[in-house]
Amino acid sequence: MSESTAGTPLPIEIDTTVPHEARVYDYWLGGKENYPADRALGDAIAQHVPTIKTMARANRAFLTRAVRYLVAEAGIKQFLDIGTGIPTAGNTHEVAQDLDPNTRVVYVDKDPIVLAHARALMASTPQGRTRFIHADLHDPASILDNPDLTGTLDLNEPVAIMLVAIMMYFRDEDQPLEIITRLLDAVPSGSYLVITHPTADFAPEAMAGVKAAAESSGIVFHPRSKSDTGDLFAGTTLVDPGLVPVATWRPELTDRPTAVADAESAWYWAGIGRKP
């Protein structure tokens with residue numbers, strides 16, 4: 001595993017006195033790798049969105065469905081999962097390798113607590129490979145130039161780039177589209193781009209409260225409209241059913257398909273685009 005980017009090394013010390021995105025998300029998912037500062041921010045956001053834990057689980061469930069689609073229907077055998085978060089049940093490699101043991105996965109996250117758990121919790125099948133890179137998406141070269149990436153994935157073959165609930169940490173001035181384009185330029189035709197993104201489209205006032213709570217704790221939080229989220233898929237063709245509320249993307253791929261009572265029950269847009 002790598003503990004630094006290609007440029008400035010990322011910190012490997014875990015500061016539990018300030019909240020971190022991955023640990024707040026872990027708290028909402030019912031995990032144990034979070035601290036009082038993370039729980040305080042998670043609860044503050046829940047005051048604006050009481051169903052935030054349900055939304056986090058809906059977003060996580062989408063990841064499972066997306067990986068199943070990519071392996072079983074699109075024939076993808078390689079994944080670049082950026083913004084991995086703290087390992088939990090149903091990680092990308094577990095879902096993918098259950099369908100095809102030869103699948104290879106590279107995980108990327110900047111949080112040192114994810115680094116601390118990656119080696120123990122992300123074991124591959126003997127046929128496949130799994131690696132973790134400690135790097136920051138703000139510096140895509142630190143990912144693309146990392147020997148753990150090029151030593152694990154064959155970038156001449158299609159790759160699924162997973163950006164599940166991460167692009168909201170990029171303001172427009174951070175040039176998120178340029179970052180995504182850089183990633184897509186590194187993979188061949190037939191690769192896929194997976195994005196989920198929180199939005200204020202369904203509840204503007206509540207999402208404004210979430211943004212204020214997050215940013216008062218030092219965490220960038222930039223929800224995007226359906227149109228703006230769609231712009232992030234530039235250079236790809238959306239697969240059916242297109243860009244839709246996260247709970248409604250291919251619900252039949254769940255273990256126990258159920259009708260979605262409320263398409264807007266989770267305030268995320270979700271989609272998968274294919275690079276022509």
* Asked: Going through the distances and angles, do V187 and Q78 end up as a side-chain contact (heavy atoms from CB on, under 4.5 Å)?
  -> CA-CA 11 Å; V187 296; Q78 302 188 111; over 6 Å; no

* Should Y107 and H93 be marked as a side-chain contact (heavy atoms from CB on, under 4.5 Å) after you check the CA-CA gap, both sets of side-chain angles, and the distance that decides it? -> CA-CA 9 Å; Y107 293 101; H93 78 282; 2.7 Å; yes

* To do: Please lay out, stage by stage, how V95 and R68 fare under the test side-chain contact (heavy atoms from CB on, under 4.5 Å).
  => CA-CA 7 Å; V95 178; R68 286 175 175 169; 3.8 Å; yes

* Begin from the C-alpha positions of I166 and I82 and carry the test side-chain contact (heavy atoms from CB on, under 4.5 Å) through to its verdict. => CA-CA 8 Å; I166 183 174; I82 303 175; 4.0 Å; yes

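The two residues T17 and A37 come nearest to each other via the heavy atoms O-CB, 3.6 Å. Closest non-hydrogen pair, T236 versus G273, comes out as OG1-CA, 3.5 Å. Nearest approach of L232 to H197, heavy atoms of both residues: CD1-CD2, 4.0 Å. Annotation for G85 and A22: closest pair CA-CB, 4.2 Å, computed over non-hydrogen atoms. Residues T196 and A165 come closest through the heavy atom pair OG1-N, 2.9 Å. A pairwise comparison of heavy atoms in V246 and A266 identifies CG1-CB, 3.6 Å as the closest pair.
At least one donor-acceptor pair closer than 3.5 Å links the side chain of R39 to the backbone N or O of N34. Between the side chain of T229 and the backbone N or O of W269, no donor-acceptor pair lies under 3.5 Å. K226 places no side-chain N or O within 3.5 Å of a backbone atom of D201 that could act as its donor or acceptor partner. A donor-acceptor pair under 3.5 Å is absent between the side-chain atoms of E21 and the main chain of I219, judged by distance alone. Under the 3.5 Å distance criterion, the side-chain polar atoms of D38 are matched with a main-chain donor or acceptor of Y35. The backbone N or O of G151 lies less than 3.5 Å from a partner atom in the side chain of R129, making a donor-acceptor pair. Between the side chain of T199 and the backbone N or O of R224, at least one donor-acceptor pair lies under 3.5 Å. Distance alone, capped at 3.5 Å, is enough to place a donor-acceptor pair between the S189 side chain and the P276 backbone. Between the side chain of K211 and the backbone N or O of F221 there is at least one donor-acceptor pair closer than 3.5 Å. Side-chain N or O atoms of D136 include none that pairs as donor or acceptor with a backbone N or O of K110 at under 3.5 Å.
A salt bridge does not link E157 to R104: none of the charged nitrogens lies less than 4.0 Å from a carboxylate oxygen. A salt bridge does not link D139 with R182: every distance from a Lys NZ or Arg NE/NH1/NH2 to an Asp or Glu carboxylate oxygen is 4.0 Å or more. Look at R250 and E252 and you find a salt bridge, because one of the NZ, NE, NH1 or NH2 atoms lies within 4.0 Å of a carboxylate O, short of that distance.
Side-chain contact between Y69 and W249 is present, with heavy atoms from C-beta onward closer than 4.5 Å. Side-chain atoms of L70 and M162, non-hydrogen and from C-beta on, do get closer than 4.5 Å to each other. Looking only at side-chain heavy atoms (C-beta outward), L177 and D231 stay at 4.5 Å or farther from each other. Between V49 and T51 the shortest side-chain heavy-atom distance falls below 4.5 Å. Using a 4.5 Å cut-off on side-chain heavy atoms (C-beta onward), F202 and P245 make contact.
The only member of D111, D109, D15 that meets salt bridge (Lys or Arg N to Asp or Glu O under 4.0 Å) when paired with R23 is D111. Checked against K77 for a side-chain contact (heavy atoms from CB on, under 4.5 Å), the options V159, D100, V71 give a single hit: D100. Results of the side-chain contact (heavy atoms from CB on, under 4.5 Å) test with V108 over L80, L137, D81 single out L80 as the only residue that passes. Of the candidates D148, V105, V114, V114 is the only one forming a side-chain contact (heavy atoms from CB on, under 4.5 Å) with F132.
Residues D174 and Y169 bring no donor and acceptor atom of their side chains to less than 3.5 Å of each other. Side-chain contact, N59 with Y25: a donor N or O sits under 3.5 Å from an acceptor N or O.
Ring centroids of F170 and H138 are separated by less than 6.0 Å, placing the two rings close together.
For the atom pair CG of L63 and OG1 of T92, the computed distance is 4.0 Å after rounding to the nearest 0.5 Å. Annotation: the span from I272 atom CD1 to E73 atom CD amounts to 9.5 Å, rounded to 0.5 Å. In this structure, N91 CG and T64 OG1 are separated by 9.0 Å, a value rounded to the nearest 0.5 Å. The distance from the CG atom of L193 to the CZ atom of F233 is 5.5 Å, given to the nearest 0.5 Å. Rounded to the nearest 0.5 angstrom, I52 CD1 and W28 CH2 are separated by 4.0 Å. Between T152 atom OG1 and L155 atom CG the span is 10.0 Å, to the nearest 0.5 Å.
Residue V239 is grouped with residue L99 when hydrophobic side chains (ILVMFWY) are merged at heavy-atom distances under 4.5 angstrom, including chains of intermediate members.
Within 6.0 Å of CD in E205 there are 12 or fewer heavy atoms belonging to other residues, nucleotides or ligands.
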